[in-house]
Amino acid sequence: TDRESETGFTSRGLFVVDAAEGISEMEESLSNLLTTGSLNPEAAQAVQDAIDQLIGNNGGSANNGATDQIDLGNFNAALVKIREAIQLLEDAEAAETSLDLTGEKRVLALAGAAVADQAVANADDIASTPKDFQNIDSAKALISAGRALIQANGANDLRGSIDLFQEALT
């Protein structure tokens with residue numbers, strides 16, 4: 001800081017990950033939470049069910065999780081899985097009142113935004129008519145509204161943001 005003008009700068013590291021990487025990181029975080037053994041059985045089951053929504057049943061070998069759907073280009077199906085995982089994490093918090101999974105839920109909602117962004121980018125690549133471009137603009141507006149919900153409401157309406165992302169893909 002320059003003491004005479006009271007100006008200065010600071011820097012921070014920023015890691016950018018794609019939707020699948022963000023989901024995988026949340027799966028790891030949630031799996032670590034389960035290994036502590038500190039959750040009551042109802043909360044632990046909800047967290048495990050959320051993990052299954054994210055990476056698929058049987059530890060991911062069933063290929064039916066959100067990350068699998070992203071890999072297949074089934075973006076709406078991925079959003080359904082992400083929304084369900086957020087709901088299950090809310091259920092875990094309700095079952096274990098000392099549990100706060102706000103950060104994990106927000107990352108999942110942001111992963112949902114990235115999924116929607118990818119779907120719209122794919123549509124934009126093949127758009128050719130004025131109607132196509134109008135639909136893409138509408139989708140982008142819905143995604144922006146969903147991101148605004150994430151920013152404005154913290155963890156209060158993350159499922160609502162996913163709903164907007166899903167609407168953007170219809």
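Both backbone and side-chain heavy atoms feed into the values below; hydrogens, waters and symmetry mates do not. Residues take their numbers from the sequence shown, with the count starting at 1.
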Is there side-chain contact between M26 and K105, with at least one heavy-atom pair below 4.5 Å?
no
Do E90 and R159 touch side chain to side chain, with heavy atoms closer than 4.5 Å?
yes
Are side-chain heavy atoms of L30 and L89 found at a separation under 4.5 Å?
yes
Measuring only between side-chain heavy atoms, which start at C-beta, is F165 closer than 4.5 Å to I143?
yes
What's the spacing between N58 CG and N63 CG if we round to 0.5 Å?
10.0 Å
Regarding E27 and S31, is there a side-chain donor-to-acceptor distance under 3.5 Å anywhere?
yes
Looking only at heavy atoms, what is the nearest atom pair of A66 and I23, with distance?
CB-CD1, 4.1 Å
Can a donor-acceptor pair be found between the side chains of Q45 and D49 at a distance below 3.5 Å?
yes
Please determine whether side chain to side chain donor-acceptor pair (under 3.5 Å) holds for the pair N32 and E28, giving the CA-CA distance in whole Å, both sets of side-chain angles, and the decisive distance to 0.1 Å.
CA-CA 6 Å; N32 288 339; E28 185 177 314; 4.5 Å; no
Less than 4.5 Å apart, any side-chain heavy atom of R106 and any of T102?
yes
Result block: side-chain N/O donor-acceptor pairs under 3.5 angstrom for residues 108-122, not counting sequence neighbours:
| from | atom 1 | to | atom 2 | distance (Å) |
| --- | --- | --- | --- | --- |
| D117 | OD2 | R147 | NH2 | 2.3 |
| Q118 | NE2 | N122 | OD1 | 2.6 |

Please list, one pair per line, the donor and acceptor atoms closer than 3.5 Å that link side chains of residues 74-86 to other protein atoms, with sequence neighbours excluded.
| from | atom 1 | to | atom 2 | distance (Å) |
| --- | --- | --- | --- | --- |
| N74 | ND2 | Q69 | OE1 | 3.0 |
| K81 | NZ | N64 | O | 2.9 |
| R83 | NE | D163 | OD1 | 2.6 |
| R83 | NH2 | D163 | OD2 | 3.3 |

For the OG atom of S144 and the CG atom of L149, what is their distance to the nearest 0.5 Å?
11.5 Å
After noting the C-alpha distance and the side-chain angles of L101 and L33, does the key distance pass the side-chain contact (heavy atoms from CB on, under 4.5 Å) rule?
CA-CA 10 Å; L101 298 171; L33 178 64; 3.9 Å; yes
Ignoring hydrogens and angles, tell me if any N or O in the side chain of S29 forms a donor-acceptor pair with the backbone of E25 under 3.5 Å.
no
Test item: T67 and L54 side chains (from C-beta on) under 4.5 Å apart, heavy atoms:
no
